Amino acid sequence: MIMSYEVSFRVLKTLASTVGVDLVGVTTADEFSDVIPKLDRYYEEGRATGFEHPNSRLRVDPAAILPQAKSIIAIAVPYITPATKALRRPKGLRGSVSLYAYGRDYHRVLTRQLESIADGLARYVGRDIAYHIGVDTAPLVDRAVAERALIGWIGKNGMLITQKYGSWVFLGSLITDLAIEPQDVAIDFDSCGTCTLCITACPTGALVDPYILDGKRCISYLSQSSGIIPNEYRKAIGRRLWGCDVCQNVCPKNNQSLLSQDPAFAPDEELSYPELVHILKLSRRAFLREFGHTAAAWRGFYVWRRNAILALGNLRAKGALPELLPFLSDPRKEIRATTAWALCQIAPDEVRTVVATAFGSEADESVRKEMQWACEEGVQ
Ligand code: SF4
Ligand code: SF4
């Protein structure tokens with residue numbers, strides 16, 4: 001069948017580059033039927049985190065999102081800048097934040113770029129176009145879209161890997177009613193070969209098999225989840241306040257990746273390696289003032305406070321004991337429980353009495369268990 005296109009790939013590529021996007025691809029709006037069995041398994045085996053879009057139909061069927069859909073434009077935008085590479089963790093009680101959250105919130109940056117591409121396309125064809133933009137929060141499975149649009153291939157760590165920038169890219173998509181010519185490139189879809197570095201390096205064993213992620217064990221999810229983090233993962237989380245980069249750091253496909261020149265993603269040292277005691281002292285409002293423009297703020301302040309307490313425990317930060325102790329009576333149960341755990345990691349003999357006293361007045365059963373464990377057995 002001869003397909004006629006309203007927009008050539010060359011025109012799209014030019015439009016994308018005028019808004020700073022050099023990795024762009026196109027695929028049809030056909031259903032992602034090959035993803036359905038993988039998603040079914042993901043949900044059936046209980047590996048879903050709850051952060052995924054609840055409507056699985058929308059995750060694989062572009063027409064369920066935009067009934068007039070003909071094409072999907074996929075973009076990948078690199079986020080490691082020269083300044084990111086040069087940044088080193090300052091001395092002291094510092095947490096760490098995943099590299100993707102170093103700069104300005106990518107949702108806003110990519111959404112603006114995709115809107116500009118849509119505007120440019122409408123001008124080019126001389127009519128209004130129907131479109132739907134997705135950056136992370138979209139229902140469609142973004143990595144599958146990017147792979148079918150020939151932007152890259154999915155590695156055993158589940159990340160979309162591009163030839164130019166490795167896996168250090170943000171993904172965005174634009175479903176449109178325009179028929180756009182796809183690009184014609186050859187991609188090696190099995191470039192992992194015999195490598196399994198990401199699987200063996202994962203601190204929590206979340207990569208249970210090649211290409212199979214147990215989302216609930218992934219630190220990226222755990223650091224964003226609310227509630228009490230299960231004990232089995234606490235030590236593996238280390239000083240991480242937000243996200244985890246291990247399976248990307250070890251990936252040889254990232255060794256030669258080119259860098260982003262977009263100042264929007266340049267890091268701020270204080271936000272990339274936040275001072276942990278400072279996080280404890282922040283009010284909710286002050287947190288939003290400092291971190292609200294980054295991609296690490298969307299779960300709110302309390303996960304950060306909990307994660308900072310956990311990190312101080314892992315760092316055995318004795319100097320932070322005075323700041324930690326008041327959180328034993330915090331209104332939030334995950335804060336009280338994590339504080340009991342952290343205190344007993346830091347100075348078990350010194351805090352045993354104070355944790356036992358808190359245990360005596362604790363009404364929540366899940367926190368009581370944590371406090372009891374922390375006092376009696378949790379010290380290693
Ligand atoms: Fe494992 Fe970290 Fe990768 Fe999650 S982000 S799969 S915890 S290495
Ligand atoms: Fe593939 Fe190795 Fe990279 Fe994992 S670390 S994604 S196995 S190349």
Side-chain angles (χ1 to χ4, degrees), residues 23 38-39 41-42 45-52 76 78-80 84 89 95-102 106 136 141-144 146-147 151-171 187-227 229-258 272-273 294-296 298-299 303 306-307 310-311 314:
L23 282 189
K38 292 178 198 161
L39 275 184
R41 255 186 86 191
Y42 186 65
E45 292 174 359
R47 290 184 275 119
T49 61
F51 286 166
E52 301 85 358
Y79 57 83
I80 305 286
T84 318
R89 175 163 44 82
S96 64
V97 171
S98 188
L99 296 173
Y100 79 84
Y102 272 19
Y106 64 96
D136 220 20
V141 186
D142 54 2
R143 292 169 198 182
E147 189 176 57
I151 280 185
W153 46 279
I154 296 171
K156 289 178 188 172
N157 59 4
M159 307 301 291
L160 193 281
I161 299 176
T162 67
Q163 217 148 31
K164 224 168 160 179
Y165 304 107
S167 60
W168 304 116
V169 287
F170 298 124
L171 300 177
I187 281 198
D188 179 0
F189 284 100
D190 189 24
S191 290
C192 283
T194 56
C195 176
T196 53
L197 282 174
C198 53
I199 296 169
T200 45
C202 175
T204 54
L207 293 166
V208 289
D209 264 317
Y211 312 103
I212 306 286
L213 172 76
D214 184 345
K216 288 190 180 127
R217 288 159 75 167
C218 176
I219 293 171
S220 218
Y221 158 72
L222 290 166
S223 66
Q224 299 178 40
S225 65
S226 54
I229 292 180
N231 183 38
E232 62 190 296
Y233 305 123
R234 288 179 202 155
K235 287 195 173 159
I237 289 172
R239 65 168 81 225
R240 294 182 189 88
L241 284 169
W242 187 264
C244 166
D245 291 318
V246 172
C247 59
Q248 297 193 83
N249 277 331
V250 299
C251 180
K253 305 296 174 189
N254 284 334
N255 287 351
Q256 306 294 326
S257 47
L258 300 181
S272 308
Y273 291 107
T294 74
W298 74 280
R299 290 289 286 166
V303 297
R306 178 205 58 195
N307 295 350
L310 197 145
N314 278 328

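FYI, the numbering just counts along the sequence from 1. Counting convention: from 1, in listed order, for ligands and their atoms alike. Note that the structure is a prediction, hence the values are computed from the model and not measured. Just so it is clear, the values below take in all heavy atoms, side chains as well, and ignore hydrogens, waters and symmetry mates.
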Distance-only donor-acceptor hits, side chain of residues 193-210, under 3.5 Å, sequence neighbours excluded:
from: Thr200; atom 1: OG1; to: Thr196; atom 2: O; distance (Å): 3.3
from: Thr200; atom 1: OG1; to: Leu197; atom 2: O; distance (Å): 3.2
from: Thr204; atom 1: OG1; to: Arg217; atom 2: O; distance (Å): 2.6

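Residue, atom and distance of the protein heavy atom nearest to atom 2 (Fe) of ligand 1 are Cys244 SG, 2.3 Å. Considering only non-hydrogen protein atoms, atom 4 (Fe) of ligand 1 sits nearest to Cys218 SG, 2.4 Å. Protein heavy atom nearest atom 7 (S) of ligand 1, with residue, atom name and distance: Ile219 N, 3.2 Å.
Those atoms of ligand 1 with a heavy atom of Leu213 less than 4.0 angstrom away are 6 (S). Shown in contact with Thr204 at under 4.0 Å from a heavy atom are these atoms of ligand 1, numbered in order with element: 7 (S). If you number the atoms of ligand 1 from 1 as listed, the ones under 4.0 Å from a heavy atom of Cys202 come out as 1 (Fe), 6 (S), 7 (S), 8 (S). Ligand 1 places these atoms under 4.0 Å from at least one heavy atom of Val246: 8 (S).
In this structure, OG on Ser96 lies 6.0 Å from CZ on Arg240, to the nearest 0.5 angstrom.
Using the six-membered ring where Trp is involved, Tyr106 and Phe170 have ring planes that are parallel, under 30° apart on the 30 and 60° scheme.
At a threshold of 4.5 Å between non-hydrogen side-chain atoms, the residues Arg299 and Ser226 count as touching.
Under 4.0 angstrom from ligand 1, the non-hydrogen atoms of Leu207 all belong to its side chain.
With hydrogens and angles left out, the side-chain atoms of Asn254 and Ser167 include a donor and acceptor closer than 3.5 Å. Judged by distance alone, the side chains of Asp245 and Ser98 do bring a donor and an acceptor atom under 3.5 Å apart.
Around atom 4 (Fe) of ligand 2, the protein atoms of type N, O or S that sit closer than 2.8 Å are Cys198 SG.
Nearest heavy-atom pair across Cys251 and Asn255 is O-OD1, 3.8 Å. Across Thr84 and Tyr102, no two heavy atoms sit closer than the pair CG2-CD2, 3.6 Å. What you find for Ile80 and Leu99 is that their closest heavy atoms are CD1-CD1, 3.5 Å. Contact record, Leu258 with Tyr165: O-CD2, 3.3 Å, taken as the closest heavy-atom pair.
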